[in-house]
Amino acid sequence: MSRKPMVRPGGRSARVQQAVHEAVRDLEAEGGRETLTVPQIAARAGVTPSTIYRRWGDLRELLSDVAVERLRPETPPEDRGGLAADLEAWAEQFLDEMSSPPGRAYIRDALLGDPDGSNAGQCSAYAADQVDVILARATQRGEPVPDVETVLDSVVAPMMYRILFRPGPLEPAYARRLVSSLLG
């Protein structure tokens with residue numbers, strides 16, 4: 001059973017999560033991830049190591065939780081006025097961010113500390129939410145739209161396969177070709 005933190009908005013739980021996440025990011029930036037330890041993170045965050053073990057279980061699950069948070073989109077997808085342009089811009093940005101060295105590391109971390117698949121589901125939900133915004137805008141403009149799952153299967157899934165299993169460079173044209181193939 002995974003020990004994922006159940007965080008309610010505000011309160012001590014949210015403050016602890018924020019402090020621990022910030023400590024991980026700061027320490028990783030200072031010395032690299034290879035040097036991270038739970039006691040070191042706890043000291044930086046101002047909590048006890050037992051707090052981290054109780055909430056996250058181990059370092060891998062903590063790093064996974066931090067990675068999932070880092071993979072959360074910070075802004076809604078750009079509105080370029082049409083479905084094809086919106087999807088292309090989003091797919092290019094998604095590909096760029098996820099295929100970057102930090103993006104690949106976050107994906108690996110998110111999956112490594114994810115025994116029950118909830119992190120993978122959360123990352124998938126982030127992409128689905130972004131696609132849903134794009135499709136809703138296109139629907140409001142009167143454009144015909146595919147469903148979210150079709151976009152995920154046709155655009156996101158091939159990109160993620162390439163990112164995870166074919167680690168070579170990926171060009172924006174690849175994302176545009178996937179969108180073009182989807183939209184015909």
Pairwise side-chain hydrogen bond (donor to acceptor under 3.5 Å, both in side chains) hits with a residue in residues 99-110, at least two apart: Arg33-Asp109, Arg70-Tyr106
Spacing of Ile41 atom CD1 and Leu36 atom CG [to the nearest 0.5 Å]: 5.0 Å
Pairs meeting criterion side-chain hydrogen bond (donor to acceptor under 3.5 Å, both in side chains) with involvement of residues 174-184, two or more places apart: Glu92-Arg176
Listed partners of Gln130 passing side-chain hydrogen bond (donor to acceptor under 3.5 Å, both in side chains), at least two apart: Trp90
For Glu30, all residues meeting side-chain contact (heavy atoms from CB on, under 4.5 Å), sequence neighbours excluded: Asp26, Leu27, Arg44
side-chain hydrogen bond (donor to acceptor under 3.5 Å, both in side chains) partners of residues 137-152, not counting sequence neighbours, each pair once: Asp79-Arg141, Asp86-Arg141, Arg141-Glu143, Asp147-Thr150
Value rounded to 0.5 Å, distance of CG in Leu63 from CZ in Arg60: 10.0 Å
Residues which pass salt bridge (Lys or Arg N to Asp or Glu O under 4.0 Å) with Arg72, listed by chain and number, not counting sequence neighbours: Glu69
Residues in side-chain contact (heavy atoms from CB on, under 4.5 Å) contact with Ala128, at least two apart in sequence or another chain: Val148, Leu152
Pairs meeting criterion salt bridge (charged side-chain N to carboxylate O under 4.0 Å, His left out) with involvement of residues 153-167, two or more places apart: none
side-chain contact (heavy atoms from CB on, under 4.5 Å) against Glu22, all qualifying residues, sequence neighbours excluded: Gln18, Arg25
Worked verdict on Leu182 versus Leu87 for side-chain contact (heavy atoms from CB on, under 4.5 Å): CA-CA 10 Å; Leu182 166 69; Leu87 269 179; 4.1 Å; yes
Contact list for residues 131-169, test ring-ring contact (aromatic ring centres under 6.0 Å, His included), sequence neighbours left out: Tyr161-Phe165
ring-ring contact (aromatic ring centres under 6.0 Å, His included): pairs with one or both residues in residues 117-148, sequence neighbours excluded: none
With Ser50 via side-chain contact (heavy atoms from CB on, under 4.5 Å) - residues at least two apart: Thr48, Arg54
